[in-house]
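Structure first, then comments.
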Protein chains: 2
Amino acid sequence: MVLLMRLAKILYRRSSEERIGMRARQLVALSYLRDHRDAAQQQLSEALCVDANNLVLLLNELEEAGHVRRRRDPADRRRHRVELTAGGRRALARAERAQAELEREILAGLSQHERASLRELLACAVSAAEEPEPAGEREIASVHA
Amino acid sequence: MVLLMRLAKILYRRSSEERIGMRARQLVALSYLRDHRDAAQQQLSEALCVDANNLVLLLNELEEAGHVRRRRDPADRRRHRVELTAGGRRALARAERAQAELEREILAGLSQHERASLRELLACAVSAAEEPEPAGEREIASVHA
DNA sequence: TATTGTTATACTCTATAACTATA
DNA sequence: TATAGTTATAGAGTATAACAATA
């Protein structure tokens, strides 16, 4: 856990804007939006661990850059659905290429196979953490994978 | 990479002071100090990715709490060596127990074996990132492990 | 003169609370 | 009245720069 925090900090420090073409936070948001089409802001706020108000500022940046678009949900007009634009997709692809290079640098101590394992484990952990469980009954889980 | 940043943020958010008995940053620092006895502040600053001035503030907190002690290095009196006190060791142990419980919660989607693998991979990556390589010659590395 | 650590200050990021509109 | 999003403001966190002590 301590290790995870330290590695994340190393990564964050090196993910400068000139290096990957956008802020690290923006990259995380765009990446999430690609995997979860038309997410509502509330959902984004929870998934990215960003307070609702901060999310507004983040989305303002992204919308101004033309990377995302906010549309009112016809079903519930209080809601805004956020979608990735074509330009946002391209910017995301560029950023991910740069990020992959950075990844190779930082994880130079790991073999390709180990890096793949790490990615898989993280994906599994994050997706499990994403579903906050229907209600209670956490004890039974995590016995096997 | 994005996943790593997201997971770290989830972890950081949940590592509240009342939960683990100290700030997350303090835990990271104490943990490092246990593994690297009598580190100089400069070394700490680099390893923890904390600017030298912020490190001073962090160490002030820790020293005030009685968890660490600063001593001048007799060999180079400009240097301060930071050491963990007995109280610091106890506080660290308590925090790590609480943190381990949190870990089980957050990584509930992973089996015990998977969690162990993750820990190992992270340790490997961090320790590799710790040595910034003698100089140049990064291209040859990272072909195999 | 260069380096280690410290202090002072300014800036960025994040969180708390009040506000608008829809339900 | 409650919820989704926005705005305003304050607080925490972080970085830039000048400083003191030692080499």
Side-chain angles (χ1 to χ4, degrees), chain A residues 5-6 8-19 22-29 32-33 36 38-64 68-83 132, chain B residues 5-6 8-20 22-29 32-33 36 38-65 68-83 132:
Chain A
M5 295 204 246
R6 282 185 57 196
K9 199 158 189 183
I10 292 172
L11 181 64
Y12 190 83
R13 277 296 181 94
R14 295 233 238 152
S15 301
S16 61
E17 192 166 355
E18 67 261 22
R19 176 90 197 241
M22 63 176 68
R23 308 268 202 96
R25 267 173 282 125
Q26 299 181 330
L27 169 58
V28 175
Y32 183 88
L33 280 169
H36 302 78
D38 293 331
Q41 292 188 198
Q42 200 180 20
Q43 180 188 346
L44 276 166
S45 166
E46 279 178 31
L48 305 179
C49 289
V50 176
D51 280 18
N53 42 15
N54 297 325
L55 183 67
V56 170
L57 303 175
L58 178 54
L59 289 178
N60 288 348
E61 287 173 19
L62 289 171
E63 201 162 32
E64 214 165 318
V68 304
R69 196 165 27 228
R70 275 183 266 217
R71 290 183 315 166
R72 280 200 178 279
D73 185 341
D76 182 344
R77 290 183 42 73
R78 291 174 301 185
R79 238 182 217 121
H80 279 171
R81 300 265 167 206
V82 185
E83 64 178 3
Chain B
M5 294 204 246
R6 281 185 58 196
K9 199 158 189 183
I10 292 172
L11 181 64
Y12 190 84
R13 278 295 181 96
R14 294 233 238 152
S15 301
S16 61
E17 192 166 355
E18 68 261 20
R19 176 91 196 240
I20 62 166
M22 62 176 68
R23 308 268 202 94
R25 268 173 283 126
Q26 300 181 329
L27 169 58
V28 174
Y32 183 89
L33 281 168
H36 302 79
D38 293 331
Q41 292 189 198
Q42 199 181 19
Q43 180 188 347
L44 277 168
S45 166
E46 280 179 30
L48 305 180
C49 289
V50 176
D51 280 17
N53 42 14
N54 297 326
L55 183 68
V56 170
L57 303 176
L58 177 54
L59 290 178
N60 288 347
E61 287 173 20
L62 289 170
E63 200 163 32
E64 213 165 320
V68 304
R69 195 164 29 227
R70 276 184 266 218
R71 290 183 315 164
R72 280 203 178 279
D73 185 342
D76 182 345
R77 290 183 43 72
R78 290 173 302 184
R79 243 186 211 116
H80 279 170
R81 299 263 167 209
V82 185
E83 63 177 3

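So that the names make sense, note that chain A is the first sequence line, chain B the second, and so on, each numbered from 1.
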Open item on the list: With a cut-off of less than 4.0 Å, is there a side-chain N or O of A:Q41 near OP1 or OP2 of D:dT6?
Closed with: yes
Open item on the list: Each nucleotide in nucleotides 17-23 of chain D should get exactly one letter: B, S or -. Can you fill that in based on protein heavy atoms under 4.0 Å?
Closed with: B----BS
Task: Atom-to-atom span, CG of A:L58 to P of D:dT7 - whole angstrom - done: 14 Å
TODO: Give the nucleotide from the list C:dT6, C:dA15, D:dG13 with an atom nearest to the side chain of B:H80.
DONE: C:dT6
- [ ] For the residue pair B:N60 and B:R70, confirm or rule out a side-chain donor-acceptor distance under 3.5 Å.
- [x] yes
Task: Nearest-angstrom distance from the residue atom CG of B:D51 to C1' of C:dA8 - done: 15 Å
Task: Worked check of salt bridge (charged side-chain N to carboxylate O under 4.0 Å, His left out) between B:R71 and B:E83 - done: CA-CA 8 Å; B:R71 290 183 315 164; B:E83 63 177 3; 3.5 Å; yes
Open item on the list: To the closest 0.5 Å, what do you measure between CE (A:M5) and CG (B:L48)?
Closed with: 11.5 Å
Task: Criterion side-chain contact (heavy atoms from CB on, under 4.5 Å) on A:H80 and A:R72, from CA distance to verdict - done: CA-CA 4 Å; A:H80 279 171; A:R72 280 200 178 279; 3.6 Å; yes
TODO: Compare side-chain N and O positions of A:N54 against OP1 and OP2 of C:dC13 and report whether any pair is under 4.0 Å apart.
DONE: no
TODO: State which residues pass ring-ring contact (aromatic ring centres under 6.0 Å, His included) with A:Y12; sequence neighbours excluded, sorted by chain then number.
DONE: none
Open item on the list: Is it the case that over 12 heavy atoms from other parts of the model lie below 6.0 angstrom from the CD atom of B:E17?
Closed with: yes
Open item on the list: Base, sugar-phosphate or nothing for B:R81? Non-hydrogen atoms, less than 4.0 Å.
Closed with: nothing
Open item on the list: Could you measure the distance from the CG atom of A:L57 to the CG atom of A:D51? Nearest 0.5 Å is fine.
Closed with: 10.5 Å
Task: Between D:dA12 (P) and B:R25 (CZ): distance, integer Å - done: 12 Å
Task: Nearest-angstrom distance from the residue atom CD of A:Q42 to P of C:dA23 - done: 15 Å
Open item on the list: Between P on D:dT3 and CD on A:Q43, what's the gap in Å once rounded to a whole number?
Closed with: 18 Å
Task: Spacing between A:L57 atom CG and D:dT9 atom P, to the nearest angstrom - done: 14 Å
Open item on the list: Please determine whether a side-chain nitrogen or oxygen atom of A:R79 lies at a distance below 4.0 Å from atom OP1 or OP2 of C:dA23.
Closed with: no
